[in-house]
Structure formats: structure tokens, C-alpha cells
Amino acid sequence: MSELLARHRAVMPNWLALNYNEPIEIVSGKGSRVVDSDGKSYLDFFVGILTNMIGYDVPEVREAVERQLATGVVHTSTVYLLRGQVELAEKIARLSGIPDAKVFFTNSGTEANETALLLATYARKSDQVLAMRQSYHGRSFGAVSVTSNRTWKNNSLSPLNVHFLHGADRHLSQFRGLSDAGYIQACVEDLRHVLATAVSKDVAALIAEPIQGVGGFTMAPDGLFAAYKEVLDEEGILLISDEVQTGWGRTGSAFFGIQNHGVTPDMMTFAKGLGNGFAVGGVVARGDLMDGLHAVGLSTFGGNPISMAAANATLDYVLDHDLQANAARTGAHILDGLRAAAERLPVVTGVRGKGLMFAIELTEPAMTGRFMELTKQAGLLAGKGGLYGTVIRMAPPLTLTMDEAAEGLGIIVDALETINDEVR
């Protein structure tokens with residue numbers, strides 16, 4: 001055991017997950033690569049859990065932060081005007097497509113989801129909330145209550161009255177073999193049945209990830225949330241899209257994940273990649289919902305000048321370099337290669353994803369651990385997930401080059417072939 005690992009275990013909680021049998025300390029990074037404390041270099045296909053969205057040591061981001069640091073002001077709180085906060089809110093409101101949108105900044109996705117749930121339950125005067133099976137929305141009290149994955153759920157206590165819907169569970173026997181249209185129809189019928197049997201009137205909202213993160217990048221077929229929203233609109237139920245992992249062009253086919261469904265939600269939550277490593281989250285919502293709260297509110301650290309400098313520079317970089325299109329190109333290359341490999345590798349039971357957000361389903365949980373160790377040895381970092389612990393999930397920087405995509409794909413396929421040979 002390394003000295004740092006021993007110190008970590010002495011003072012950090014034992015439920016704080018660490019990747020790998022011998023966890024690594026990342027000490028430097030450039031572009032899509034990082035270096036650990038032993039000097040080993042890795043192609044990073046997990047980027048701090050989708051957070052270092054445009055890679056490491058990006059000059060535009062670093063210089064924006066340095067300019068703000070040079071003013072001597074790293075914090076004032078939201079009781080003063082913050083130019084960077086206003087500028088970023090203007091960009092996000094415009095990009096969201098939400099009518100008369102307003103933005104509130106937080107420090108994390110968890111806090112963003114808590115804020116969205118507060119807005120919805122206040123507007124609807126109801127504690128009833130719908131969420132998706134296999135979902136994950138954060139580790140706080142309210143966010144855990146709308147999380148539907150026992151691995152990440154510490155208790156059943158809840159400030160909300162929650163009912164969970166189908167939409168990302170096509171592996172279940174009752175849905176297996178259905179077409180996209182057939183599955184959407186079955187899910188909509190179930191939603192109507194839930195509204196008729198499990199709740200009273202005035203449900204507050206449905207909160208959903210367009211692609212489930214912890215759930216192993218499982219996703220509803222495109223169009224499901226548009227079909228759901230038709231039903232929700234009949235009763236005034238709000239739609240919250242949790243874009244913490246799917247935002248800013250990562251799916252390649254849309255700037256926000258929910259847009260793949262051809263629908264505009266009432267609110268979107270965001271975090272992770274927007275600050276490219278700096279802590280920033282928030283909610284963009286219809287102005288009437290955002291303005292509806294009667295109590296005074298603020299966020300001490302949300303919208304702080306350093307995070308706003310980083311986030312403005314990151315978002316500008318994404319737009320100026322059309323990284324959504326790059327995610328579509330490089331992601332398609334990797335997904336095509338993974339699907340071709342899966343056809344000859346029985347240990348792979350599924351490949352899914354959009355853009356630079358893709359996952360491999362394996363037959364046994366032990367195989368994911370083996371995959372992680374093999375790819376680490378070969379110089380690639382990945383992540384785990386899935387309801388049953390059988391999924392490898394990866395999300396490289398949106399700046400990934402085609403050469404890096406090919407290199408990463410080669411490492412992944414080599415690891416899968418090794419596991420397949422070991423099983424055979």
C-alpha cells in the first residue's frame with residue numbers, strides 16, 4: 001500500500017470509492033492525457049467523471065482564471081453584482097431554448113437538482129415527484145430520494161413522495177423485443193396508469209436524465225420524453241431534465257441531451273463539464289418558475305468570480321471550436337468500432353451511447369474490474385457503472401482527436417479480447 005493511500009484510508013470515509021486495486025494520484029495533465037505520481041501517462045477517457053470536458057491545461061481557461069485572480073477578487077457572494085455570472089447566464093438562457101429563461105448558479109449537480117425540485121414543488125404546491133428507474137441525481141437528502149439505484153441509496157427516508165417510471169429498462173423481460181415505438185407506447189401507458197393509481201392530483205414534476213450516468217449510460221429511445229411531456233402537460237406537471245452529464249454537446253447529436261427527444265423542458269440542471277474542473281452547477285428554468293419563490297435566497301459560492309471565469313471560457317471554447325460536431329465524429333468512430341468488436345466477443349452483451357458518451361455492458365461484474373485493470377496497465381482511464389455493476393462507461397474530452405479516438409479504441413478492444421480469451 002502506498003503511503004498516500006494509507007493516509008487516505010486513515011482520514012477519509014471508507015465509502016469514498018477509489019478506482020483500481022492500486023489507486024493512482026494524478027499529478028499533471030495536458031490535452032486528453034494525464035500523468036500519475038509514478039510518471040506513467042494515461043489517455044483519459046473518464047475526465048474526472050465527465051468534468052474536465054475540454055481536457056487538461058487549456059490555455060483559454062487558465063488565462064481567464066489568471067486574469068480574475070490578478071484582480072485580487074476571488075469571492076464577493078451573490079449580494080453584489082457579478083459580471084461573469086450575468087454573462088454566463090445570458091449564454092445559457094439563450095442556448096437552453098426555454099422561454100423567458102433565468103439561471104441560478106450553484107456549486108454542484110446535487111445542489112442544482114435540489115434547487116430544481118424546490119422550484120417545482122413550490123410552484124405546484126405538492127411533494128409528489130416522478131423520476132426514472134435506475135436514475136441517479138446526487139447524494140443529498142432530496143437528491144437521493146429521486147435516485148433509483150440501491151447501490152447509491154443509503155435510506156428510504158425522503159422529503160418527497162416519489163414514484164419511479166420505466167424508460168431505461170428495456171432489458172426487462174416484459175420489454176425485450178419491443179421496437180422503439182412499442183416500448184415508448186408501453187412506457188406512456190404505464191405513466192398514465194401511475195397517474196391514475198399511485199398519486200393524487202397536482203404532481204410537481206418528472207425529473208429525468210436523458211442518458212443515465214451512474215445507471216451505465218442507459219437511455220430512453222429518442223422521443224420518449226416528448227411522449228411523456230404530452231401526458232405531463234395535460235396535468236400541468238413540470239419536466240426537469242438533469243443535464244449534469246449530457247449537456248454542452250457531449251452527445252454529438254444535440255447540445256443538451258433532452259433535445260434528442262425533440263422537446264423543451266421547463267427546467268434543466270447542469271454542472272460537471274461547464275467549469276472544466278472548477279466547481280459550478282446551476283438551474284436554467286422558465287422565468288415564472290425561477291421568480292416564483294417568496295423567500296429571499298442566495299448562494300454564497302454559487303456564481304463566484306473564479307468559477308464564472310472558467311465556465312465562460314469553457315463554454316466559449318466549446319462553441320468557438322464546434323466541439324459538438326467533434327463529439328459526433330470521434331464518438332461515431334469509437335462506437336462503430338465497439339459494435340464491430342462486440343459481434344465476435346461473447347463477453348460483451350451490449351454497446352450503447354451517443355457522441356463521446358458510450359458504454360460497454362459485460363456479462364459479469366468481475367469483468368468490469370478486470371477491464372479497469374487491463375486498460376490502466378495499457379495507459380487508458382475508464383469508469384464503471386450500471387445497475388448491476390456490469391458496465392464500463394467512458395466519456396473522453398470533447399477535444400479528443402481522431403488519432404486519440406483510434407488509440408483508445410485499440411486499447412479497449414485489446415482488453416475485451418483478453419477478457420474474452422480468459423473466459424473461453
Side-chain angles (χ1 to χ4, degrees), residues 48-54 58 60-96 98 100-123 137-144 159 207 240 242-245 247-248 266-318:
I49 317 181
L50 291 83
T51 301
N52 299 306
M53 181 171 67
I54 58 174
V58 181
E60 289 85 346
V61 176
R62 173 167 33 83
E63 290 164 8
V65 170
E66 288 172 347
R67 283 194 299 272
Q68 184 59 46
L69 282 170
T71 69
V73 178
V74 300
H75 173 76
T76 65
S77 92
T78 53
V79 299
Y80 301 99
L81 288 171
L82 293 163
R83 186 173 298 273
Q85 179 179 241
V86 173
E87 291 171 348
L88 184 60
E90 289 170 340
K91 295 170 190 173
I92 293 171
R94 175 177 55 82
L95 291 164
S96 74
I98 295 173
D100 303 316
K102 290 194 173 184
V103 182
F104 178 77
F105 290 106
T106 65
N107 305 287
S108 68
T110 294
E111 192 182 342
N113 286 329
E114 289 281 354
T115 303
L117 291 168
L118 170 64
L119 295 174
T121 53
Y122 183 88
H137 296 287
R139 58 175 171 73
S140 62
F141 195 40
V144 165
I207 184 169
I240 304 167
D242 179 341
E243 299 279 348
V244 168
Q245 298 198 26
W248 323 116
D266 300 287
M267 304 184 219
M268 289 193 288
T269 60
F270 55 84
K272 288 194 182 290
L274 179 59
N276 203 48
F278 287 84
V280 57
V283 183
V284 54
R286 285 180 4 219
D288 62 305
L289 297 172
M290 192 69 80
D291 288 339
L293 302 180
H294 71 269
V296 174
L298 54 79
S299 178
T300 300
F301 291 106
N304 85 82
I306 298 296
S307 291
M308 293 298 97
N312 271 297
T314 299
L315 185 52
D316 288 347
Y317 193 98
V318 168

Worksheet entry | Side-chain heavy-atom pair Ile207, Thr269 within 4.5 angstrom cut-off | no
Response to the item:
Thr78 and Gly302 have their tightest heavy-atom pair at CG2-O, 3.4 Å
Discussion item. Once rounded to the nearest 0.5 Å, what's the spacing between atom CZ of Arg67 and atom CD of Glu63?
Written reply: 6.5 Å
Worksheet item: What's the shortest heavy-atom distance between Gly273 and Thr314, and which atoms?
Response: O-CG2, 3.7 Å
Fill in: Counterpart residues, side-chain contact (heavy atoms from CB on, under 4.5 Å), relative to Val58 (two or more places apart)
Ile54, Glu60, Val61, Asn276, Tyr317
Practice prompt. Output yes when a side-chain donor or acceptor of Gln85 lies under 3.5 Å from a complementary backbone atom of Pro305, and no otherwise.
Written response: no
Worksheet entry | Atom pair OG1 (Thr110) and NE2 (His137), whose distance is rounded to the nearest 0.5 Å | 10.5 Å
Worksheet item: Phe104: what forms a ring-ring contact (aromatic ring centres under 6.0 Å, His included) with it, not counting sequence neighbours?
Response: none
Worksheet entry | Where at least one partner belongs to residues 277-299, residue pairs that pass ring pair (Phe, Tyr, Trp, His ring centres under 6.0 Å), sequence neighbours excluded | Tyr122-His294
Practice prompt. Can you see which heavy atom on Met267 is nearest to which on Leu289, and at what distance?
Written response: CE-CD1, 4.0 Å
Worksheet item: Just how far is it from atom CG of Asn113 to atom CG of Asp242, taken to the nearest 0.5 Å?
Response: 4.0 Å
Discussion item. Holding to salt bridge (charged side-chain N to carboxylate O under 4.0 Å, His left out), I want the full list of residues that pass it with Asp316, two or more places apart in sequence or in another chain.
Written reply: Lys91
Practice prompt. Identify, with sequence neighbours excluded, every residue that meets salt bridge (charged side-chain N to carboxylate O under 4.0 Å, His left out) alongside Arg62.
Written response: Asp57
Worksheet item: Are Ser299 and Phe105 close enough that some pair of their side-chain heavy atoms sits under 4.5 Å apart?
Response: no
Worksheet item: Could you give all pairs that pass the salt bridge (Lys or Arg N to Asp or Glu O under 4.0 Å) test and reach residues 276-288, with sequence neighbours left out?
Response: Asp266-Arg286, Arg286-Asp288
Worksheet, complete the sentence: side-chain contact (heavy atoms from CB on, under 4.5 Å) filter on Asn304, not counting sequence neighbours, yields His75, Ile306, Ser307
Response to the item:
On a heavy-atom basis, the closest approach of Val280 and Ala311 is CG1-CB, 4.4 Å
Practice prompt. Kindly write out the residues that satisfy side-chain contact (heavy atoms from CB on, under 4.5 Å) with Ala271, not counting sequence neighbours, or none if the list is empty.
Written response: Val244
Worksheet item: Please, which pairs that meet salt bridge (Lys or Arg N to Asp or Glu O under 4.0 Å) have at least one residue in residues 102-120, sequence neighbours excluded?
Response: Lys102-Asp291
Fill in: Close side-chain approach of Leu119 to Met290, heavy-atom, < 4.5 Å
yes
Response to the item:
Taking every heavy atom of Ala101 against every heavy atom of Val284, the minimum-distance pair comes out as CB-CG2, 3.8 Å
Worksheet entry | Gap separating the CD1 atom of Ile92 from the CG atom of Leu88, nearest 0.5 angstrom | 4.0 Å
Worksheet entry | Glu87 side, atom CD; Met308 side, atom CE - distance, nearest 0.5 Å | 11.0 Å
Response to the item:
Sorted by chain and number, sequence neighbours left out, side-chain contact (heavy atoms from CB on, under 4.5 Å) with Gln245 holds for Leu50, Phe217, Lys272, Met357, Arg393
Discussion item. Within a 6.0 Å radius of atom CD1 on Ile49, are there more than 12 heavy atoms belonging to other residues, nucleotides or ligands?
Written reply: no
